[in-house]
Structures are given as structure tokens and as C-alpha cells.
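Just below is one structure, and these are the notes that go with it.
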Amino acid sequence: MKAVDGVDFEIRRGETLGLVGESGCGKSTLGRTLLALERATEGSIVYNGTDVTTLSGTELKEWRKNAQMVFQDPESSLNDRMTVGEIIREPLDAHDWKTMNDRRERVLDLLSAVGLPDKHYFRYPHQFSGGQRQRIGIARALALEPDFLVLDEPVSALDVSVQAKIISLLEDLQEEFNLTYLLIAHDLSVVRYISDRVAVMYLGKIMEMGEAEELFTDASNPYTQSLLSAIPEPDPTETSRRITLSGTPPSPSDAPPGCNLSTRCPAKIKPEAYANLDSDLWNAIEQFREVVRERARITLSTSDRVRRRFDRFERFDDIEESMADTFDDLEVPERVDEQIRTAVEMVKRGRPTEAQEHLYDEFASVCDREPPEMHKVSASGRYSYCHRHTDEYEDVGPVITRRADSE
């Protein structure tokens, strides 16, 4: 299983790189890996010419002065048995930073920097609100004067008004201490506001990366377009089309062999044999393939396997209803109908994996079979992970757009 798969990017000194994507795509794992909280199994993480993945012991401890993390949950990331002063001072104690008096003065300076009074030094985390606890976490992360901070959902657990204060604080601290941020977040409006560049992640892969404003206004990757279409439109007169991805993300332990988005992509390339197939019918085929994939993920009980052996399996008989619902009111060519019905019979016999393979052999395109490359899609250096950006496939059909008039 690869939680982070072939991710390759640079973070420039002094900038904020936003990292977005749906839950489970590997954002937090990537951030923790950059700080060596998770061990990278392959590749390198280079900071000022030093490969962090090769460090251990004293060298790794020394490097950690340069990179710290603000954790997602401001409640569970603070020890309730320690005072605020002890929590912020803990990194200084661990690295034997100067004298005890110097450490205490450093903690008081940090409290002031994050907008908390000196009297909070001897209080405990449970005495603070969520926003105040997040300020304490930020102060702790700044204790050793790092250059780089991973901000893992720093405002997701806070009220909107408190979010604004924390974001302003992060911007002020970045300017004051010349910090570099990797901002991991779900809130796209926050990412757009604070980030210089944005990377969009799905199932362990970077799907698109570029300047923030350009990416938000002119996304090139189908997954980015779908993600941005989920942003609520404040103008009630504005018409928009919600691009919904069908099905659920595959398990990282069983990722598609081609493009990671191939099982859900709304702009998937058709195979050559079906290049002229009606778009509605093609979408129906993809939806039915997802239904079969869901059946294939179900673990059969011992009694189910016995019934299957004696051709008395009935658990998946509802597959015919699913087929009827999916292809209702569509004109299905004889060849397509034959392949779909063959798969239905396989599923009814308790062989959904064989049905999945049958549909793959018949309907798989380049998106299913070959992983794409990162292609440069703008003069500013924006990159997108999609086959449609190659000369061979750029004209195979319309690419979805983020905004369109709705019927």
C-alpha cells in the first residue's frame, strides 16, 4: 500500500504551498513524511542540500530544529497534564536550549507573538477555547525558530471568526519570522486566500499544481475541476454545474494500474473501439463498472462460497435491477448489451471479480491501462497529471469545464 505515491515537488523559501484533496488521499501522511515523523520507503526529501531520509540519531534531532508541525486537532495535540508554559517549553528542553531562565523568557515572547498574555503561562489546555489552544500549538511549533512549518488543517476545528484570526496570525508570523508553510486543508477558500501555489492530491498522487489564483480560475485536471465545483456559489443568480465523481475512491492497497482517477473520472478517454459511443451511454457503462467493482470488494462468507460452488448463489441477484436502472431509457448497441449481460451473469453466479476483469478487457482505455505523466499546461509552470494533455488525446472529446449554464 502506498499512501504517498511518486509525489515530486519543491517548496520555495518564504512561500505557502497549499495541499488539498479529499479525506484519505494522503495529505497528512505526506506532511508527516516530510518531517520524518513517517519514514519514506523510497525517494528523497532534500532540505538545503541535505537528504533528510538519510539522517538518524543526533543528526535527525538537530535537523528537527528547522522543521515543525502544527497538528490538526488543537485539543488532542496538547497534553492536559502539562501547563501551557511546559508545553511550549518542551521543545527547548528536549534540545537543551540555553538556560532555564532563557527558556522561560522565550516562552513568554512566544505567548506574546501568538496573542496570549503572560498569565496563561501557568494555565492548563482545558481552560482555553479551540482558537486559543491552536495558538498554543503554533507557539510550540515556533519555539526552536524553524524555517519550515507543516500546518495540518490548522483551522478546520474552529469557528469561522476564529479561523480568520488564526489565518491572520499565521500570515503575520510568516512575515515576521520569514517562515515557509505547507498548508494542508479542506477549506478551499482558506487555501486560495493564504497560498502562493496549490497542489491537488488524490489517492497518493499530485493531480495538478500551480499558482493559486490561476489554478482556481482555470483548472486543467478533471479532478481539480470537480473539487472546485463543490465550492458553494454565494451569488444566487449564478448558474453552475456540480461535477460529481461517481462511486468511492479505490483502496490505496488496490490502486488502479493506470491513472488513479480512472475509476471515477468525469472526462475519461474512451477506448478506440467505442470512440463514437454516445456520452450518456459511456457514462452509464462506467457507472455499471463501478457497481461491479463494489460487488468485487465484498468478502463472501463461507456459506456464500458453498452456495456458489453448487450454483445456488443468490446474494447478488439485484445486479439485474442495477443494470436496468443504469441503462434505462438508453439505446444500447448489441455489442455493448452482450458484454454487459455477460458480466451480469458472472456477478449472479458469485464471480464479480471475473465480471470486473471481463468489463476491463472490453471497455478499458488508456486511462485504465497506463499511468499518465505530469504535463506543463501553462506558461507560469502549472502542471497536470492527465492523458488529455498529450497531442494524441487532446482532441478525443470535450473536456469538462468548471462552470457552465445549468438546464
Side-chain angles (χ1 to χ4, degrees), residues 1-12 15-35 37-38 40-43 45 69-72 148-156 180-192 194-212 214-216 219-231 243 245 247-256 258-267 367 371-377 381-387 389 402:
M1 172 177 169
K2 290 185 177 180
V4 178
D5 187 7
V7 169
D8 185 11
F9 65 92
E10 294 180 352
I11 303 180
R12 303 161 187 160
E15 79 165 347
T16 298
L17 174 65
L19 182 62
V20 301
E22 58 193 276
S23 297
C25 70
K27 304 186 300 296
S28 294
T29 301
L30 173 58
R32 293 173 64 87
T33 303
L34 293 181
L35 301 184
L37 296 175
E38 302 283 354
T41 53
E42 294 180 23
I45 302 167
M69 188 167 189
V70 177
F71 295 93
Q72 179 174 354
F148 174 57
L149 286 183
V150 173
L151 308 173
D152 188 5
E153 300 278 5
V155 296
S156 63
T180 302
Y181 290 153
L182 173 65
L183 173 67
I184 300 170
H186 281 102
D187 192 329
L188 298 178
S189 60
V190 170
V191 172
R192 184 176 188 175
I194 197 174
S195 300
D196 300 299
R197 290 186 300 143
V198 174
V200 181
M201 197 169 184
Y202 176 79
L203 203 63
K205 291 280 191 182
I206 297 293
M207 305 301 290
E208 187 167 5
M209 184 172 185
E211 299 296 326
E214 182 183 357
L215 186 143
F216 273 84
S220 297
N221 192 278
Y223 179 69
T224 309
Q225 294 172 348
S226 174
L227 203 63
L228 295 180
S229 77
I231 300 176
I243 303 168
L245 302 183
T248 57
S251 168
S253 62
D254 187 27
C259 175
N260 278 19
L261 190 61
S262 62
T263 61
R264 307 175 71 201
C265 183
C367 299
E373 297 179 356
M374 291 294 285
H375 298 277
K376 188 175 181 179
V377 293
R382 182 158 50 91
Y383 290 84
S384 177
Y385 181 77
C386 184
H387 285 293
H389 303 309
R402 181 193 166 192

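For clarity, every value in this text was computed on a predicted model and none was experimentally measured.
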Write down the atom of Pro372, the atom of Tyr385, and the distance for their closest heavy-atom approach.
O-CE1, 3.1 Å
Does some side-chain heavy atom of Pro256 sit less than 4.5 Å from a side-chain heavy atom of Pro250?
yes
Please confirm whether the backbone N or O of Ala219 pairs with a side-chain atom of Gln225, one donor and one acceptor, at under 3.5 Å?
yes
Salt bridge or not for Glu208 and Arg382, using N-O below 4.0 Å?
yes
Candidates Leu182, Leu151, Leu35, Leu149 - the one meeting side-chain contact (heavy atoms from CB on, under 4.5 Å) with Met69
Leu35
Can you list the steps and then say if Val200 with Asn221 is a side chain to side chain contact (heavy atoms under 4.5 Å, CB included)?
CA-CA 9 Å; Val200 181; Asn221 192 278; over 6 Å; no
Main-chain N/O of Thr16 paired to Asp196 side chain as donor or acceptor, under 3.5 Å
yes
Which donor-acceptor pairs under 3.5 Å do the side chains of residues 2-12 make with protein atoms, sequence neighbours left out?
none

When rounded to the nearest 0.5 angstrom, what is the spacing between CG in Leu19 and CD1 in Ile184?
5.5 Å
Considering non-hydrogen atoms only, spot the tightest contact between Ser226 and Ile243 and give its length.
OG-O, 2.9 Å
Short question: side chain of Lys27, backbone of Gly21 - any donor-acceptor pair under 3.5 Å?
yes
How close do Ile206 and Met374 get, counting heavy atoms only, and between which atoms?
O-SD, 3.5 Å
Going by heavy atoms in the side chains, are Phe71 and Arg32 under 4.5 Å from each other?
yes
CD of Glu153 to OG of Ser28, rounded to nearest 0.5 Å, is 6.5 Å
With side chains defined as the heavy atoms from C-beta onward, is the minimum distance between Gln72 and Ser156 less than 4.5 Å?
yes
In short, Leu203 meets Ala255 closest at the heavy-atom pair CD2-CB, 4.2 Å
Worked verdict on Ile231 versus Phe216 for side chain to side chain contact (heavy atoms under 4.5 Å, CB included)
CA-CA 11 Å; Ile231 300 176; Phe216 273 84; 4.2 Å; yes
Partners meeting side-chain hydrogen bond (donor to acceptor under 3.5 Å, both in side chains) with Asp254 (sequence neighbours left out):
none
Determine, stepwise, if the pair Leu245 / Leu261 fulfils side chain to side chain contact (heavy atoms under 4.5 Å, CB included).
CA-CA 9 Å; Leu245 302 183; Leu261 190 61; 4.2 Å; yes
Please name the residue in the list Lys376, His375, His389 that meets the side chain to side chain donor-acceptor pair (under 3.5 Å) test with Ser384.
His389
Would Asp187 and Val155 satisfy side chain to side chain contact (heavy atoms under 4.5 Å, CB included), going step by step from the backbone distance to the final call?
CA-CA 9 Å; Asp187 192 329; Val155 296; 5.8 Å; no
Check Glu214, Glu15, Glu211 against Arg197 for a salt bridge (charged side-chain N to carboxylate O under 4.0 Å, His left out) and give me the one that passes.
Glu15
Where is the tightest heavy-atom contact between Pro249 and Arg264, given as atom of each residue plus distance?
CG-NH1, 3.3 Å
Shortest non-hydrogen pair, Tyr181 vs Phe148, comes out as C-CE1, 4.2 Å
